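On a predicted model such as this, the values are computed, not experimentally measured, just so you know. Just follow the structure's listing: the first ligand is 1, and inside any ligand the first atom is 1.
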Amino acid sequence: MSQIAAHLEETRARIAQAEHAAHRPAGCVTLLAVSKTFPAQAVRDAYAAGQRAFGENYVQEALGKITELADLRDALEWHFIGPLQSNKTRQVAEHFDWVHSVDRLKIAQRLSEQRPPGLPPLNICLQVNISGEASKSGVSPDTALEVAHAVAALPRLRLRGLMSIPESADTLDQQRAPHRALHALYETLRADGLALDTLSAGMSSDLEAAVLEGATMVRIGTAIFGARTYAHS
Ligand SMILES: *Cc1c(COP(=O)(O)O)cnc(C)c1O
C-alpha cells in the first residue's frame with residue numbers, strides 16, 4: 001500500500017470515528033483531499049486508493065495538474081479553495097467543479113458570467129470570516145445572508161453552502177466554538193429559504209471538532225499527503 005493510501009485510510013477512520021461520536025450517520029461527511037503543492041502523481045495515488053474529490057489553492061499550479069490528469073477528468077471533482085482574484089476567475093470557471101472561497105459578490109458574478117454554458121452549474125460555497133480575524137478573507141457573518149441570496153440568484157452557479165477557516169486553537173472545545181457558530185449561521189440561511197447542503201469546515205488539525213459541529217465536508221491536506229515543503233505567495 002502506498003503511503004498516501006495508508007494516510008487516506010487513517011483519515012477515513014478519523015472521520016468515521018467523529019461521525020460516530022457526533023451521533024451522525026456513517027458516511028455523511030465528504031473527504032476533500034487538498035493536494036496543493038503536491039504533484040499530479042500524488043493525486044493519481046490517492047485516486048487509485050479511491051479518492052475522488054481534490055482541493056487546490058493556486059490557479060496555475062492546479063491547471064497544470066488538471067491538464068496532466070486529463071485522462072481522469074470525468075472521474076475527478078476539482079475544488080478551488082484558495083484566495084481568488086478577479087483576473088483568475090475565468091480559468092476557475094472553466095476548469096473547476098466547485099469553488100469554496102467566494103468572499104464577495106463581484107467574484108460570484110464573474111464566475112457566473114464566465115462559466116461555460118456546456119458545463120453544469122459551478123458549485124459554490126460562500127467563505128465566511130467566522131473568527132473575525134482581520135487577516136482572513138470571507139464575508140462577515142452579518143452580511144452573509146444578503147450575499148448568499150444574491151449569489152443564489154446568479155444563473156450559472158449553484159450555491160451549496162458555507163466555508164470557513166477558523167483561527168487555530170489547541171483544545172477541542174476551543175476548536176469547536178467557531179465551527180458551532182458557522183453551523184448556526186448555516187441553519188439561519190437555510191431557515192431563510194436557501195437550499196444549502198454543504199458545510200465545508202475542518203482541516204487536518206480540527207476535523208473532529210468540525211464533524212462534531214455538523215461539517216458535511218472536511219478539507220484535508222497534511223494528514224493525507226504529508227507536510228508541505230514549499231510555500232506560495
Ligand atoms: C491548505 C488548506 C487546507 C488543508 O490544510 P491541512 O492543514 O494541510 O489539512 C484546507 N483548507 C484550505 C482553505 C487550505 O488552504
Side-chain angles (χ1 to χ4, degrees), residues 3-4 6-15 17-18 29-39 42-43 45-46 49 51-63 65 77-85 88-89 92 96-104 107 111 123-133 135-139 160-172 174-176 178-179 182-183 186 198-233:
Q3 198 172 48
I4 288 173
H7 287 165
L8 264 172
E9 206 164 271
E10 286 162 21
T11 302
R12 290 184 190 125
R14 276 177 72 185
I15 293 170
Q17 202 164 16
V29 176
T30 300
L31 172 57
L32 178 65
V34 178
S35 45
K36 66 179 177 210
T37 81
F38 290 94
V43 173
D45 290 352
Q51 180 63 30
R52 294 295 177 264
F54 292 89
E56 289 283 339
N57 285 56
Y58 312 105
V59 176
Q60 294 317 317
E61 181 197 333
L63 293 185
K65 270 178 249 187
E77 220 176 58
W78 289 103
H79 296 234
F80 189 79
I81 64 172
L84 184 51
Q85 290 146 5
K88 301 279 176 68
T89 52
V92 170
F96 282 81
D97 303 297
W98 283 70
V99 181
H100 294 226
S101 44
V102 169
D103 62 356
R104 51 197 190 278
I107 292 290
L111 290 170
N123 296 293
I124 301 290
C125 290
L126 195 61
Q127 184 173 349
V128 180
N129 187 354
I130 202 73
S131 306
E133 289 170 275
S135 62
K136 289 265 170 73
S137 40
V139 301
R160 300 293 296 267
L162 302 178
M163 177 275 226
S164 82
I165 309 173
E167 204 167 6
S168 66
D170 297 327
T171 71
L172 184 66
Q174 286 168 350
Q175 288 178 349
R176 286 179 70 160
H179 290 303
L182 186 73
H183 189 204
Y186 173 76
T198 303
L199 199 48
S200 166
M203 315 194 341
S204 293
S205 58
D206 67 348
L207 89 77
E208 285 80 6
V211 172
L212 284 168
E213 297 297 346
T216 68
M217 196 180 289
V218 291
R219 310 178 306 268
I220 309 297
T222 311
I224 296 171
F225 297 106
R228 290 180 287 273
T229 51
Y230 67 96
H232 279 254
S233 56

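Residue, atom and distance of the protein heavy atom nearest to atom 1 (C) of ligand 1 are K36 NZ, 1.4 Å. The closest protein non-hydrogen atom to atom 5 (O) of ligand 1 is M203 CE, 3.7 Å. Remark: minimum distance from atom 9 (O) of ligand 1 to any protein heavy atom is reached at S204 OG, 2.5 Å.
Contacts between I81 and ligand 1, counted as non-hydrogen atom pairs separated by less than 4.0 Å, involve both the backbone and the side chain.
H79 is not listed as a side-chain neighbour of D97, based on a closest heavy-atom distance of 4.5 Å or more. Residues N57 and V34 meet the side-chain proximity criterion, which asks for heavy atoms closer than 4.5 Å.
Within 6.0 Å of CD in E9 there are 12 or fewer heavy atoms belonging to other residues, nucleotides or ligands. The local environment of CD in Q3 is sparse, with at most 12 non-hydrogen atoms from other residues, nucleotides or ligands closer than 6.0 Å.
Near I220, meaning under 4.0 Å from any of its heavy atoms, are these atoms of ligand 1: 9 (O). For ligand 1, the atoms lying closer than 4.0 Å to a non-hydrogen atom of G221 are 4 (C), 6 (P), 8 (O), 9 (O). When each atom of ligand 1 is checked for a heavy atom of I165 under 4.0 Å away, the hits are 13 (C). Residue N57 approaches ligand 1 through these ligand atoms, each under 4.0 Å from one of its heavy atoms: 14 (C), 15 (O). In summary, the atoms of ligand 1 found under 4.0 Å from a heavy atom of T222, numbered by their order in the structure, are 6 (P), 7 (O), 8 (O), 9 (O).
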For this session: Let me see the working for R176 and E213 under salt bridge (Lys or Arg N to Asp or Glu O under 4.0 Å), right down to the final yes or no.
Result: CA-CA 7 Å; R176 286 179 70 160; E213 297 297 346; 2.7 Å; yes
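Taking distance alone, with nitrogen or oxygen atoms compared against 3.5 Å, R219 approaches ligand 1 more closely than that limit.
A donor and an acceptor atom, one from each side chain of S164 and Q127, are nowhere located under 3.5 Å apart. One side chain, H179 or D206, offers a donor N or O that lies under 3.5 Å from an acceptor on the other.
Using 4.0 Å as the threshold, H100 has no heavy atom nearer than that to any atom of ligand 1.
Residues passing the side-chain hydrogen bond (donor to acceptor under 3.5 Å, both in side chains) test with E167: none are found, sequence neighbours excluded.
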